[in-house]
Chemist: 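One structure coming up, written as structure tokens, with questions to follow.
Computed from heavy atoms alone, side chains included, the values below leave out hydrogens, waters and symmetry copies. From a predicted model like this one, the values you see are computed outputs, not experimental measurements. The sequence lines fix the lettering, A, B, ..., with proteins before strands; numbering per chain opens at 1.
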Amino acid sequence: MALISSLLALRRDARILKLPPYLSALLIIVGVAWLLVLPLNEYSRNTYVSENALLPGQVHTYFTGSEHNVFRAYRQEVAALPDLSIEERNNKLADLFRESDLKVAKQKYTYQVADTNISNENVYAVLQGPRADATEAIVLIAAWKNMADEVNYSGVALVLALARYFKRWSLWSKDIIFLIPGDSTSGPQAWVDAYHDGHDPRTIESLAIKSGALQGAVAVDYPAGPWGHRYDKLHIVYDGVNGQLPNLDLFNTAVSIASGQMGIGCTLQRMWKHSDTYEERLQTMLRGMLAQGLGHATGPHSSFIPYHVDAITLVTVGDGWHDEMSLGRTVESLFRSLNNLLEHLHQSFFFYLLLQANRFVSIGTYLPSAMLIAANFSIMAIALWVQSGRPAPPPNPTATKLVKKPLKKLKFDGRHYVEVPDEPKNEKEPSDSDKKEDPTENTTDTTPPVTAVSNNGSTALVPTASLQVTERALLLPLLFTLSTHFLGLLPLYAFNLTPAAELRPIFIVTANILTLLPLLTAWLLRFSFAPTPQQTTLIQSFSLLLLGMFLSALATLNFSLSFMVGVLCAPLSFVRERKGMVASGVWYAVLVLLNPVMVCQVACWVAGVGVEEVLLKASEGWAVWGLWTQVVVWGVWFPAWFAGSVVVALGFFPE
Amino acid sequence: MPANQQTALLYGGAAAVRLLLFTAFPSLPNLLAGRVEVSTPVTSFKRLQEGLFLYTHNVSPYDGGVYHQAPLLLPLFSLLPNPSSHPFATNVVFTLVDLLSAYVLSQIAESGQSTVTRLFKSSRKDLRWSSLAVAAGFLFNPFTITTCIARSTSALTNLFILAAIAKACQGASLTFLLSLSFASYLTMHPLLLFPPLLILLYDALAQRSKSAPSPLAFTAFHILGLAVVIGALLSASAALTGSWDFLAATYGVRLLLPDLTPNVGLWWYFFTEMFDAFREFFLGVFWLHVASYMPGLTIRLRKQPLFVAATLTGIFAIFTPYPSIADAALYLSLVPLFRHLFPLMRYTFLALATILYATFLGPAFYHLWIYAGSGNANFFYAITLVWSLGLSIIVGDSLYAALRDELDVERPELRGKEVKRI
Amino acid sequence: MLSFLPVLLLNAFLACVCASSDYHERLLLRPLPQSTLLASFNFRSNESSTAIEQQNFRYFPRSFAQILEHAHTKELHLRFSVGRWDAESWGQRPWYGAREGGTGVELWAWIEAQNEEEAFSRWLTLVNSLSGLFCASLNFIDATKTVRPVMSFDPEGDHTNSSNLHLLHGNLPHEVVCTENLTPFLKLLPCKGKAGISSLLDGHKLFDASFQTMAVDVRPVCDSNDGGCSLQMEQSVDMVLDIARSKRPRDNPIPRALPIGEIECDTSKPYDAEDTCYPLDKKVEPAWKLTELFGRPLKGACPLTEEMGDEGESLCINTPPEREIQVNTTGQYSEARTALDTLRCYKLPVGADFDLVLPEQKMTTGLVRAQPQLFAARSVNGHGQERGSVQAVIRNPSKDAVEFVYLESLPWFMKPYLHTLRAHVDSLTENPVKETYYRPAVDRQRGTHLELRMIIPAASTLILTYDFEKAILRYTEYPPDANRGFDAPPAVIRILSPYLSTDKKGIYLRTTPLLLPLPTPDFSMPYNVIILTSTVMALGFGNIFNLLVRRFVGMDEVSALGAGGIKGILAAKLGRLKALLGKA
């Protein structure tokens with residue numbers, strides 16, 4: 001406490017107020033730089049399997065020999081299916097499962113996304129472990145169509161062949177569920193929702209057969225046609241919805257089995273060739289962060305992760321010499337490892353950034369970068385709060401007439417904000433400050449009065465004005481900040497619930513509105529409420545405080561998203577209400593370029609994808625996967641941006 | 001706008017907000033009732049429903065590990081229609097409870113005991129908020145609204161505590177005794193408020209009738225009265241449930257903490273991780289710690305009993321076994337009574353920022369621990385620490401301000417000068 | 001297409017009550033679909049009560065009898081079970097489920113005692129001695145795992161002469177049943193697994209079965225006409241063997257892919273080639289023989305079995321008449337066909353190995369499998385470690401309404417909310433729950449006990465759901481594999497009507513157990529927690545009392561009292577030092 005009090009005594013010191021802008025700038029720079037050094041060996045670690053029960057690659061795999069012939073036959077069977085109707089296709093798949101004595105069930109589902117229906121059917125089979133008691137289960141998935149919308153011929157065939165093969169083993173301690181969803185994203189979502197009874201039974205069928213608690217899920221994506229295709233590497237996809245990640249142990253097990261036991265190279269985040277240089281590590285990490293930040297589903301596994309079911313997808317890429325059987329043996333070995341599990345995966349990391357297949361950065365190392373950026377906003381908020389406690393800068397005689405006015409207004413506010421319910425008020429009350437000589441009294445002499453401040457021993461002469469703390473008028477700033485946050489709901493609603501056809505127009509309209517709205521608001525504000533400099537400072541202080549708070553909370557849930565929003569909002573801690581058109585204009589231009597819609601537009605242009613596409617995906621995410629990236633954009637980013645740009649725009653309308 | 005119109009507007013608005021939330025989001029009450037921050041094992045509405053169900057089906061609700069709330073709540077709520085099918089009546093009841101609390105709070109504010117007591121007159125006494133503003137501070141405090149929507153029974157406790165304080169301020173002995181004993185009957189620890197409130201009552205009476213009653217007789221009479229009323233309540237409960245089992249199931253649970261469901265307090269994780277051999281010892285120490293504040297504050301701040309009572313509610317919100325944001329809401333709505341102390345408080349912004357941070361991070365970390373499974377218990381535990389720290393900063397800071405305020409009266413020459421403690 | 005012959009239900013026929021002191025054993029083999037085989041062993045030994053009083057044991061195991069006597073146990077039922085009975089494809093359960101237990105270990109007994117406390121203390125002695133006898137951790141059945149069912153169980157024996165019996169029921173769902181439980185089980189038999197059908201019981205095959213349950217039932221049996229009573233002990237083992245899996249030699253159990261030559265391919269497929277083979281499902285009964293399936297030969301009859309009548313025929317197989325069976329033995333045996341020739345029973349030779357050989361055969365007729373009256377499945381809904389809801393789906397395929405009792409005994413840390421209990425039948429509106437018995441759990445003292453009597457109409461499905469909350473335990477109360485979660489025992493369903501079985505055994509089925517992931521604290525940091533919490537408390541306490549006990553003075557007066565702060569202290573020290581130097 002003594003420490004805090006001496007620290008807070010410092011805030012009496014006027015010089016301290018000069019510091020925060022530099023400090024927060026420093027924080028931002030350090031935060032970004034921090035991220036850039038992560039790929040170095042000093043800051044990243046080699047991956048390791050910390051759950052002893054997994055024993056990756058310790059077992060022989062027997063999925064060979066005549067199984068290959070059977071697999072080819074199944075692939076032929078699957079190759080005959082695509083031109084059938086969903087109904088017939090799934091009946092055939094169900095028969096194939098039944099021939100290996102498995103329990104089969106189907107699930108129809110329909111999702112309404114931007115006035116179009118996504119409707120399809122899942123088919124799945126349950127292999128009841130001979131010694132299992134239906135308390136635990138692991139899932140093997142092959143989506144009928146993969147993320148690139150190709151038919152997953154070999155993947156489905158492989159699942160069928162493995163189902164037939166696994167049935168012969170008696171060592172399974174958990175049930176094994178073979179799931180063939182109708183598509184790669186909504187199918188698994190519907191299934192896993194229904195499995196945990198989190199579904200809407202009107203549009204999504206409940207599951208006829210269930211098993212125990214899901215312990216893990218592995219999806220295979222191998223769209224090679226009936227004549228096969230030898231692949232080069234396994235691309236391991238691990239990002240879950242909303243940037244949640246599976247336990248690192250699962251990923252490590254897959255990597256060590258594939259590369260160690262089967263000799264298949266592993267790659268991630270579409271880094272097809274990775275020579276483990278700094279640049280490529282950084283690129284991998286940034287791609288991972290992008291995927292995590294956007295939080296969209298990246299494969300059939302994504303929907304499982306929010307239910308605390310660790311899941312990955314194995315995608316075959318490139319042209320090489322590995323055939324379907326090596327993939328099958330990889331899956332077999334992976335399932336033998338999962339079968340060994342005594343507990344739900346919990347040992348290893350859930351928060352990590354991968355640099356390459358066997359190198360990662362753990363949360364302790366990377367979290368500070370996002371936290372620093374969030375902290376810069378909080379520091380700025382505190383600084384602005386303290387600053388708002390000071391009266392207007394000491395006047396020169398010509399300006400003195402003007403100076404009286406805000407102070408009068410202050411008094412007025414002082415009376416009228418008495419209604420304000422919330423607590424945080426002022427450091428000194430008027431009666432107190434009145435007794436001190438008031439700068440506004442001495443309108444005649446030019447030099448502002450000074451007082452001696454003795455801060456443990458050292459005495460300094462400081463203008464009295466900078467020592468005083470005036471009343472704060474809080475009603476307007478509070479209401480403004482709150483209403484901006486509610487304002488964010490409008491675009492959120494608009495973008496998620498409008499038909500696909502109208503997304504583009506709405507986007508353009510929003511873009512224009514967002515450019516003009518701050519100006520309009522500033523104009524209204526100026527000529528209806530006539531905010532004092534103090535109030536504008538407070539508006540900024542509050543919005544920055546909330547921004548910092550949201551971002552630091554978000555950093556623990558979705559590091560990358562918090563980091564990205566933080567960087568994009570960085571200018572907000574430096575914008576002020578400027579005197580003069582030019583300065584305001586420049587700042588305003590900067591902010592307009594950084595508004596969410598513009599950023600989205602530019603990002604789409606850089607990534608070379610259509611805006612409609614992104615918007616459609618986003619509203620699918622909203623309707624199907626429960627994606628909350630939009631909520632962050634419109635509930636955290638937009639209000640902060642809006643408040644900042646209104647403050648800047650006020651500069652266009654001097655009092 | 002005339003005062004009564006403002007009042008009507010305020011209460012009407014508050015009621016409208018609550019009923020709107022109730023009706024617009026029918027699933028919201030159950031969602032909030034399930035939040036550990038809002039409803040604890042001893043205040044949860046879902047457990048109350050279970051108790052009601054058992055009670056109406058002639059199973060003793062206390063012969064089980066679910067229901068730990070006072071017996072008299074059972075007949076009270078069994079009068080209402082089943083909340084799961086017809087929630088409206090229950091919602092109205094809880095809304096009314098909030099409005100009543102706000103009304104009582106405004107009475108406290110009007111009594112002016114916060115600034116001017118019999119023995120003490122603050123030098124800043126004209127710096128205060130209208131009772132309306134204080135009531136608004138209670139009614140529109142998000143914590144209060146959340147508690148009301150979650151229909152946690154701590155809303156009732158808060159009402160009775162506030163009523164006890166108000167009656168003490170007005171010097172109404174009987175109603176004071178009644179409401180305080182109801183409060184202590186519901187949740188035990190308000191009993192600690194008795195001494196300061198007794199002093200408050202005494203001062204109020206002495207102020208009103210210039211001849212102060214003899215302290216001894218006064219104290220004896222009221223202690224007796226309290227004992228009688230509480231005794232009556234307990235025996236009524238015993239008669240109702242047919243046995244004294246409820247004592248162990250209600251107060252026993254509060255004392256011995258068998259149910260370690262997480263909450264915003266400091267106890268649950270401590271006793272989850274405590275070694276069995278030392279559990280009883282630390283239970284004793286913790287309770288002693290909670291109780292120890294009362295005498296100290298009462299003696300030192302004998303001149304400002306209302307402030308002591310308010311500070312004690314703050315202590316309860318931090319250091320009792322099953323605190324929830326409802327207790328914090330009670331304290332934070334009592335603080336505005338002491339508007340004249342704000343100029344002397346030093347860490348307001350810091351403390352409020354801390355509490356805000358905890359409010360946002362708490363649910364996030366709880367989600368990581370329980371649902372995402374990616375965080376562990378320490379995440380949420382850390383946030384409960386921060387929360388408690390934030391509240392205790394406010395308590396300590398306001399206490400400092402109060403003492404400083406007294407000092408300004410005793411030694412006017414020190415006004416506005418730096419002081420230090422020795 | 002198979003044409004189906006009717007088959008009469010064999011359980012009644014297999015269980016006969018004889019009061020004299022004797023011993024019977026019988027093995028019933030019944031082929032099931034998906035090339036599986038149900039083998040249900042049944043050993044029954046009687047001992048007249050007079051003989052027991054004289055401590056004179058012929059067939060009844062002495063150790064067991066003494067335990068029962070010591071614990072005043074009149075009737076006892078003990079079950080060890082692994083796996084699930086797949087009712088959809090295997091039909092009615094053996095013994096109508098009366099000789100079957102929930103996964104793990106299940107025990108219920110009628111104990112004679114004056115009051116509940118005495119009954120419970122005797123129950124504890126019983127479980128402790130049984131855990132010693134069967135090498136199972138039965139001693140973990142404590143008050144929290146014990147319930148006193150009201151409607152679910154009736155005594156099988158005749159308890160005319162014994163008064164105030166107490167029924168107690170315990171359950172260990174997580175107990176892993178294995179060979180160490182089989183050996184003591186065999187030791188209780190008169191022939192100790194050396195001869196007779198028990199010589200087939202081999203741990204490796206038994207515990208490789210898809211479903212397997214071992215049961216021990218002791219009950220007093222009184223003869224109505226001469227009033228002579230005797231203590232009957234019935235041991236039974238029911239197992240469902242996957243024929244293909246059991247036929248694998250023990251030295252090479254790995255299911256390697258067969259050489260392509262040995263797989264029969266479906267040549268009708270257009271793509272059929274030497275490297276592409278669609279496995280043909282040749283719908284034939286697989287070939288097997290006893291020695292293959294059980295991994296050891298059947299060493300003749302147990303010489304202690306009664307010779308006379310069909311009681312002597314200790315090996316029966318239940319197949320269509322057309323199924324050809326070769327007997328392979330050197331000794332004397334006799335075969336008897338009953339029940340429209342669908343049941344062939346063999347009187348085993350004494351002292352000579354006996355083997356049945358069934359060749360691969362394409363069947364034209366099959367056996368009608370009796371359908372169970374009810375199908376039941378239970379699962380946990382919702383996710384997260386905080387709360388959830390249990391959903392039990394009970395389906396009645398039959399043509400008449402079924403009345404049954406549903407028994408849940410839940411651990412104390414799983415707290416059900418009875419007011420959320422909903423029983424819903426799609427086909428009717430009124431509440432199917434007719435009677436409810438509920439005893440709520442008390443933390444760390446006893447578990448929840450819920451019994452419901454319900455009626456489910458013909459050809460309809462009943463869905464029973466209730467919410468529950470999970471408690472967080474003290475860190476010492478978690479098992480080593482805390483993150484696996486805790487098991488909740490299976491629900492027991494007893495069918496009251498329509499009642500098919502002829503004896504007093506009753507008709508039962510059990511659901512699978514549930515896995516409850518509980519919220520776990522961090523086990524590594526009790527000290528840190530104690531330290532951190534104490535620190536926060538100390539901060540609050542110190543700050544407040546610091547304010548309370550000190551008094552304020554102005555800064556300017558402090559100097560008078562001697563400069564505070566580091567400077568002051570330093571100055572003081574310096575002064576003292578100077579003084580010292582001055583002295584020196």
Chemist: If you define the side chain from C-beta out and look only at heavy atoms, does anything of C:E262 sit under 4.5 Å from A:S66?
Modeler: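 Not touching, per the 4.5 Å side-chain cut-off.
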Chemist: Using non-hydrogen atoms and a 4.5 Å limit, figure out which bit of C:R245 sits close to chain A: side chain, backbone, both or neither.
Modeler: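 The side chain, not the backbone.
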Chemist: Quick one: which of A:D197, A:D193, A:I209, A:L345 has the most heavy-atom pairs under 4.5 Å with chain C, could you say?
Modeler: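 Between A:D197, A:D193, A:I209, A:L345, the count favours A:D197.
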Chemist: Measure the spacing between CG of C:N381 and OG of A:S206 and express it to the nearest 0.5 Å.
Modeler: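 Separation between the atoms: 9.0 Å.
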Chemist: Can you measure from CD (C:Q385) to NE2 (A:H344) and round to the nearest 0.5 angstrom?
Modeler: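 Spacing of CD (C:Q385) from NE2 (A:H344) equals 8.5 Å.
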Chemist: Does the side chain of C:T520 come within less than 4.5 Å of A:H346's, by heavy atoms?
Modeler: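 No, their side chains stay 4.5 Å or more apart.
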Chemist: Which one of A:H60, A:K103, A:H68 has the most heavy-atom pairs closer than 4.5 Å to chain C?
Modeler: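 Option with the greatest count: A:K103.
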Chemist: Which bit of C:P479 comes within less than 4.5 Å of chain A, counting heavy atoms only: side chain, backbone, both or neither?
Modeler: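 Looking at C:P479, nothing touches chain A.
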Chemist: In terms of heavy-atom pairs under 4.5 Å, which option from A:R168, A:E343, A:R164, A:E67 contacts chain C the most?
Modeler: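 Looking at each option in turn, the highest pair count goes to A:E343.
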Chemist: I'd like to verify something: which residue of C:D272, C:D481, C:D86, C:D275 has the highest number of heavy-atom pairs under 4.5 Å with chain A?
Modeler: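 It is C:D275.
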Chemist: Measuring heavy-atom distances to chain C, does A:Y165 have an atom under 4.5 Å in its side chain, in its backbone, in both, or in neither?
Modeler: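 Just its side chain gets close to chain C.
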Chemist: Of A:R72, A:Q76, A:E99, which is the lone residue that meets side chain to side chain contact (heavy atoms under 4.5 Å, CB included) with C:Y278?
Modeler: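 The residue from A:R72, A:Q76, A:E99 that satisfies side chain to side chain contact (heavy atoms under 4.5 Å, CB included) with C:Y278 turns out to be A:E99.
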Chemist: Specify which of C:N483, C:T276, C:I263 makes the most heavy-atom pairs with chain A at under 4.5 Å.
Modeler: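 Winner by heavy-atom pair count: C:N483.
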Chemist: Looking only at heavy atoms, what is the nearest atom pair of A:H196 and C:H383, with distance?
Modeler: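 Closest pair (atom of A:H196, atom of C:H383, distance): CD2-CB, 3.9 Å.
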Chemist: Pick whichever of A:A132, A:S211, A:P226 has the most heavy-atom pairs under 4.5 Å with chain C.
Modeler: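 Result: the option with the highest number of such pairs is A:A132.
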Chemist: Of the listed residues (A:K210, A:Q128, A:H308), which shares the most heavy-atom pairs with chain C below a 4.5 Å separation?
Modeler: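 Highest number of heavy-atom pairs under 4.5 Å: A:Q128.
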Chemist: When heavy-atom pairs shorter than 4.5 Å are enumerated against chain A, which of C:I254, C:V176, C:V82, C:V177 gives the highest number?
Modeler: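 Ranked by heavy-atom pairs under 4.5 Å with chain A, first place is C:I254.
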Chemist: Could you tell me which of C:G388, C:C277, C:C265 has the largest number of non-hydrogen atom pairs under 4.5 Å with chain A?
Modeler: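 The option with the most such pairs is C:C277.
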Chemist: Given a strict heavy-atom distance threshold of 4.5 Å, which part of C:N546 is in contact with chain A: side chain, backbone, both, or neither?
Modeler: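 Contact with chain A is absent: no heavy atom of C:N546 under 4.5 Å.
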Chemist: Do you know the tightest heavy-atom contact between C:R84 and A:D175?
Modeler: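 Here C:R84 and A:D175 meet closest at NH2-OD1, 2.7 Å.
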Chemist: Please classify the contact between C:A273 and chain A as side chain, backbone, both or neither, with a heavy-atom cut-off of under 4.5 Å.
Modeler: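 No part of it gets close to chain A.
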Chemist: Is A:S170 in contact with chain C via its backbone, its side chain, both, or neither, using a 4.5 Å heavy-atom distance?
Modeler: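 Interface part for A:S170: both.
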Chemist: Can you find a heavy atom in the side chain of C:P279 that is under 4.5 Å from one in the side chain of A:Y74?
Modeler: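 Counting from C-beta outward, C:P279 and A:Y74 do come under 4.5 Å.
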Chemist: List the atom of C:L515, the atom of A:A213, and the distance in Å for their closest heavy-atom pair.
Modeler: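 Heavy atoms of C:L515 and A:A213 come nearest at CD2-CB, 4.2 Å.
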Chemist: Is C:R484 close to A:T135 at the side-chain level, that is, under 4.5 Å between some pair of heavy atoms?
Modeler: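 A side-chain contact under 4.5 Å exists here.
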Chemist: At a heavy-atom distance under 4.5 Å, which candidate from C:S81, C:G382, C:G83 has the highest pair count against chain A?
Modeler: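 Max contact count across the listed options: C:G382.
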Chemist: Are the side chain of A:R131 and the backbone of C:F207 linked by a donor-acceptor contact shorter than 3.5 Å?
Modeler: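 Answer holds: yes.
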